[in-house]
Amino acid sequence: MSTLSLAIPRPVHPSGLWNWLTTIDHKKIGVLYGVTAFIMFLSGGVEATLMRIQLTKPELDIVSAAVYNQLFTMHGTTMIFLAIMPLGAAFFNFVIPLQIGARDVAFPRLNAFSYWTFLAGAIMLKLSWIGGATDAGWFGYAPLTSVDQNPGKGIDFWIISLQVLGVASLAASFNFIVTIINMRAPGMTMMRLPLFTWMTFITAILLILAFPVITVALIELTFDRYFDFNFFNVARGGSVVLWQHLFWVFGHPEVYILILPAMGIVSEVLPVFSKKPLFGYTTVVLAGAIIAVMGWMVWSHHMFTVGLGPVANAVFTITTMLIAVPTGIKVFNWIGTIWGGSIRINTPMAFSLGFIAMFLIGGISGVMHAVSASDAQQQDTYFIPAHIHYVLFGGAIMALTSGIYYWFPKFSGKMFDEKMGMLHFWLMMIGQNVTFFPMHFVGLDGMPRRIYTYAEGMGWDLWNLVATLGVFILIAGFLVFILNMVKSWKSGPDAPGDPWDGRTLEWSIPSPPPEYNFSEIPVVKSLDDWWNTKQGGNGKAVPVSGGSGDEEHDIHLPQPSYWPLVTAIGLFIAAYGVVFNQLVVPWAIAIIGTFIGFVGVYAWSLEPVNDPDEDSAH
Amino acid sequence: MVTMKNRGVFGSVFINSSRTQKIVLLLMSLALSVLAAGCFIIDPSANQSTFEPLGPVAERQLTIFWWILIGGALVFVLVGAALIYALVKFRRRSEEETPIQVHGNTRLELLWTIIPAIVVMGFAIASINTLFYSANVPKDSEKTITLEAIGHQWWFEFRYPSPNGPENEVVTANEVYIPVGIPVRINLESVDVIHSFWVPKLAGKVDMVPSEGNHMWFQADEPGEFYGQCAEYCGTSHANMKFKVIAVEPAEFDTWLSDQAAPALESGDPLAKEGAGIFKDAGCSGCHSLKTIAKTGSKGRVGPNLAHVASRRDLAAGMMNNADGAGNVNDAYLQENLRKWLENPSEIKPGNLMSSQAAVYTDPNKTLTERQISALVAYLTSLK
Amino acid sequence: MAQEHTSTAGHEEHEDTTTGLNHRKMLMWAFLGSDCMFFGSLIATYLVYQGKSLTGPLPIDVFDIPVTSVSTFVLLMSSMSMVLAYSALTRGNMKGFRIWMVSTAIMGATFIGFQVYEFSSFSTHHIHFECSEVAEKIEHGDYVKAGHDHFFQKECLDSNGLLKADHHVDEEYGLKPQTNLFGTTFFTLTGFHGAHVTLGVVWLLSIFFLSFKKGVITREKNLDVDLAALYWHFVDVVWIVIFTVVYLFGVFEGF
């Protein structure tokens, strides 16, 4: 087959930096996502710490009102889009192909593209601090985001970097949907998929349906700001509530996008360390799917106080209360999993158990504001951040941390320090509760949220002080974690292929896996296939330990490529060009960036998947 | 002979644990107790506490909260107990054991699907009554009054029906007087961004959305002063946008309203007269009206109405307090606050429009002198 | 029992994937599902704001259904030529394939041409009428369903509220995105659809030119054309929805 020869030859076995820049190996991309996301998480943590310090006592002047408002906006946006989602993506990338018995994802170059695009969006958002970051809240309600109210570039950076991040997320999700449906090892039926893969699949479907809605909302806002359109222009009959509807139709599925992968991780860890299968696999899968579907029917519970009227509020109260049911099912099934098991509480298990406890509290407070009547007093008070952080920090982050420890041996090839791990756990548990539980109190005691200071004598002093102290406990925990990760990755003891006596396919290959993952694509005979193999049920041998090179096995893998990076760079330049559209020649930078992007896409599509004469379709 | 003491679950677990586990258990119990104690340390008399409802709407909303809290606490205790029990009872005793590989129990799973569904639906439906109750003034009310609350960045404009007739409204700011025992309907609007009207002890909040025409109602059962605060992020000084609802006997309310409707007082004091002149010349009256009556539905001004500013207990939308313990305006406090505000409004309310739009703050040649400020303070203090 | 995931050259009927469907085909379907939500949100915005503009022009003032019907027909025909192109390719008829591909692209470009003409005519929309013609309507206080009543009031009535019978109105009353809610939502929705069509035309022309290079597009290697066809049909279906909801419903009473 002849190829279109381009002036630039394809990279062949690049090394060093170029290796990372042109890689299309899902494992490397997973590491890139994980490290980047963690750094972004720390930056969001710095933003949070500054906020908490400002609120330690009434009427402090650590940061100004203007800066504080930027802090809470950037903190929310960072944590959701630059930390939790990409941390999830790190696991999707690294783990999914291993769990389904594949050598890579369906579109390796698209995978690389989604990472580089994510990095572009992350850089753009964080750099927006220079010159004034966005300060309209992570939810950017109109008309506060109008060009009248907010003439600076902060909002524009926020809008455009979210669009770039949206492209990254969509690309990744399309990839995983096709991978999970179409690249499963023989015998791996959908109902034999590991739970984490199932939850990822559901999350990806949610994402490709939800993100277009916020894309449209942001486009409408952009047109209002740049071209004087009327989408949210009250003077010409526009409705600012339309923004809220569009945002939350995206926003509510988004929170399930944040939590379902985390729940998937917990559903992997609990069975392994209880030596029992997940209780009610089918039910848990179904519950995840039902949550995803019902997640589309509850969005206006974020708008209970906007004045939709008692009928609308009643409807959304009912739907929101109902969605508590599948969520509760999962918790009960998890308890059913460990019940009667042989439980070992090590670091990954502790974090997953901690997730259950914290998510339980977050879920209960969620039920409290599911009911519109009581929400009228809770909305926009600290009671809401209390709920948010119990489900997202005590919930999603704890579960993701559990995943990091659980799969650490697999992706690094080393064992982490267990004592430091448990120390991290306790610091996190205690810190989480000391920081966020008091927020329930001050919220019900009348403290609104998104305020940069508060008056003396309101009765909020004590618990704000306590909450700030809790932050430092959390920081200590993170320091222990970072130390553990760095130390262990560099010089920890070597990890075997199956350190935990695991149940799923990724534990049947060496740690870290060879580039081709499986020397032989497994034939799957059951759910928890690897476990059953070890019990002798499947009649197969123990895993290959110690990888051999791909030359031995005549396995053809996708080759690295420049074009995902080039396309992402084009998108990055174009994005800046949209924000700085009057620089030099109007729209010139945007056009240049778009052109580079097009070059990248063309070269990418003309470049065969494998080069020069390999014909692997994947 | 060995006697078995009944140590209870916690005791048994404690005695049988290793030293590390003992310490951990103790710490956790301590932490939990502290946090639980917090539930009892909440002071309902705190200014904006939702735990001291002083009107029927807030009361019913709190009742819903209590029910869900009780339900939630029950769930937490039950699930938490199951979790802890499982962790203790089924902890790994040897590496050799492999427990029975149970895959599920359909009946159990159905049970813990159906029962929670019934419970949550019960709560939801039971709450709908309160939802509809808090939406509109009860139809069987003998008397009601209606007033307008208009959100501005960052203060509240209030308009009352004029005693003279429906074509006019009495305009005031940042303080809402209401008669005790009578349902008050508030029509909510905003001139710029979304704000929210929240006075926790009387009712949950409803947002003030430009052009949406929201409304809410509440009623104060007893006389008193109720703290309110904007509860929807509205820009730089969202934290600095507060107000008060003051409930008084109906007779006192009528007096107050006619006082507010009366034209601004003219003071004989020469310094105050000088201040009046500066007020006009420096352009203050462009944004701050001294007219107490406006046409119904007319557009408000950029700044709060000042015709009776000296009668208010707070300045700058709840930022500075003028009153003594009994709630009476103390002229000394008032003057000090007025001076502080005029000298540097941005320190009290960062981002305020006066600092960015009034010539006396934007033009260095027009900055107010000490003398001018004193005159203005004297004048404004006379506007009782 | 080694099952390698290498497959032989090209795209045979049975793909070596779990479902047998080619990866890229599945990707295109997933993408189109996502794009549905994109257009769905734009259409929803349009519908929410329908009838809520505070001033004209309104749809009934500017729409020219006969003209738009022609452009719609052209786009629909382009879907047919797309089908013929693919069919020719799979039968090995390279010449026929190229002719139909280029026809599709030309028809797509024609559709865009119509859109451009339509948008510019909307923005230079003019109204003229004699006040005497509308006297009855003002006297009876009818709101003429063309958004013109502001003009009638302002232009045809004097300061005492009496009709200036010999006055005529000759005004530019163009529809731009900034004009009112209708302009904003209409141009955004149809603009993004037009952008999709344009991208499609570029794609089709790229395939057309690539097909001259030996071996790139063949009877067996027809996936690229298959994917482009899917995309093209999607864009056409979206237009059918827009034409119905925006144009037809906008002009005929009762919707």
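Residue numbers begin at 1 in each chain, while the letters A, B, ... track the order of the sequences.
- Between chain B and the residues A:Gly307, A:Ala370, A:Ser342, A:Ser374, the largest count of heavy-atom pairs under 4.5 Å involves A:Ser342.
- The contact between B:Asp192 and chain A is made by backbone and side chain atoms together, counting heavy-atom distances below 4.5 Å.
- The greatest number of non-hydrogen atom pairs below 4.5 Å with chain B, out of A:Leu462, A:Val442, A:Ile335, A:Leu527, is found for A:Ile335.
- No part of B:Trp67 comes within reach of chain A, as not one of its non-hydrogen atoms sits under 4.5 angstrom from that chain.
- A centroid separation of less than 6.0 Å is found between the aromatic rings of B:Trp66 and B:Phe51.
- When heavy atoms are compared at a cutoff of 4.5 Å, B:Leu108 approaches chain A solely by way of its side chain, counted from C-beta outward.
- Comparing A:Gly280, A:Gly336, A:Gly459, A:Ser274 by heavy-atom pairs within less than 4.5 Å of chain B, the highest count is held by A:Gly280.
- Looking at B:Lys89, there are no atoms closer than 4.5 Å to chain A (heavy atoms on both sides), in backbone or side chain.
- Proximity to chain A (any heavy atom under 4.5 Å) is shown, for B:Leu69, by both the backbone and the side chain.
- In this structure, A:Trp334 has its ring center closer than 6.0 angstrom to the ring center of A:Phe355.
- Of the listed residues B:Ala124, B:Gly318, B:Ala86, B:Pro99, the one with more heavy-atom pairs under 4.5 angstrom with chain A than any other is B:Pro99.
- Looking at B:Ala203, only its backbone comes within 4.5 Å of chain A, counting heavy atoms on both sides.
- Considering only residues two or more places apart in sequence or on other chains, B:Lys201 meets the salt bridge (charged side-chain N to carboxylate O under 4.0 Å, His left out) condition with B:Glu52.
- Proximity to chain A (any heavy atom under 4.5 Å) is shown, for B:Leu131, by both the backbone and the side chain.
- Ring centroid separation for the pair B:Trp217 and B:Tyr133 comes in under the 6.0 Å cut-off.
- Heavy-atom distances place no part of A:Gln70 under 4.5 Å from chain B, backbone and side chain included.
- Rounded to the nearest 0.5 angstrom, A:Ile451 CD1 and A:Gln54 CD are separated by 10.5 Å.
- Taking chain B as the reference chain and counting heavy-atom pairs below 4.5 Å, the highest number among A:Val331, A:Thr317, A:Leu360 is found for A:Leu360.
- Of the listed residues (A:His369, A:Met447, A:Lys276), the greatest number of heavy-atom pairs within a distance under 4.5 Å of chain B belongs to A:Lys276.
- Chosen from A:Asp148, A:Asn150, A:Thr283, the residue pairing most often with chain B at heavy-atom distances under 4.5 Å is A:Thr283.
- Contacts with chain A were tallied for B:Leu188, B:Ile114, B:Thr236; B:Thr236 has the most, counting heavy-atom pairs under 4.5 Å.
- Using a 4.0 Å cut-off between a side-chain N of Lys or Arg and a carboxylate O of Asp or Glu, A:Asp380 and B:Lys205 do not qualify as a salt bridge.
- Heavy atoms closer than 4.5 Å to chain A are found in the side chain of B:Val209, but not in its backbone.
- Between atom CG of residue B:Asp207 and atom OG of residue B:Ser196 there is a gap of 4.0 Å, rounded to the nearest 0.5 Å.
- At least one side-chain heavy atom of B:Trp112 sits less than 4.5 Å from a side-chain heavy atom of A:Asn333.
- With a 4.5 angstrom heavy-atom cutoff, B:Glu232 touches chain A via backbone and side-chain atoms both.
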**OP:** Take A:Tyr390 and A:His440, measure what side-chain contact (heavy atoms from CB on, under 4.5 Å) needs, and give me the verdict at the end.
**Re:** CA-CA 11 Å; A:Tyr390 266 86; A:His440 294 104; 3.7 Å; yes
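- With a 4.5 Å cut-off on non-hydrogen atoms, B:Gln101 touches chain A through its backbone and its side chain both.
- At a 4.5 Å heavy-atom cutoff, the contact between A:Gln379 and chain B is made by backbone and side-chain atoms alike.
- B:Arg60 contributes atom CZ, which lies 4.5 Å from atom OG1 of B:Thr130 (distance to the nearest 0.5 angstrom).
- With chain A as the partner, the residue from B:Cys230, B:Pro116, B:Pro200 showing the most heavy-atom pairs under 4.5 Å is B:Pro200.
- With respect to chain A, the highest number of heavy-atom pairs below 4.5 Å among B:Ala231, B:Ser134, B:Ala135 belongs to B:Ala231.
- No option in A:Tyr68, A:Phe139, A:Phe72, A:Tyr141 other than A:Phe72 meets the ring pair (Phe, Tyr, Trp, His ring centres under 6.0 Å) test with B:Tyr233.
- Put simply, of B:Leu62, B:Val119, B:Thr98, B:Asn105, the one with the most heavy-atom pairs under 4.5 Å next to chain A is B:Asn105.
- A cation-pi arrangement is present between B:Lys244 and B:Tyr227, with the terminal nitrogen or guanidinium carbon under 6.0 Å from the aromatic centre and inside a 45° cone about the axis.
- Considering CZ of B:Phe226 and CD of B:Gln48, their distance stands at 13.0 Å, rounded to 0.5 Å.
- Between B:Trp198 and A:Gln377, some side-chain heavy-atom pair lies under the 4.5 Å cut-off.
- For a residue to count as touching a neighbouring chain, one of its non-hydrogen atoms must lie under 4.5 Å from one of that chain's; by this rule B:Asn214 touches chain A with the side chain only.
- Between A:Phe441 and A:Phe437, the ring planes are perpendicular. Angles over 60° get that label, and only those under 30° would be called parallel.
- Residue contact with chain A, scored on non-hydrogen atoms closer than 4.5 Å, involves the side chain of B:Glu109 exclusively.
- Counting heavy-atom pairs under 4.5 Å between each of B:Val79, B:Asn129, B:Thr63, B:Ile115 and chain A puts B:Val79 at the top.
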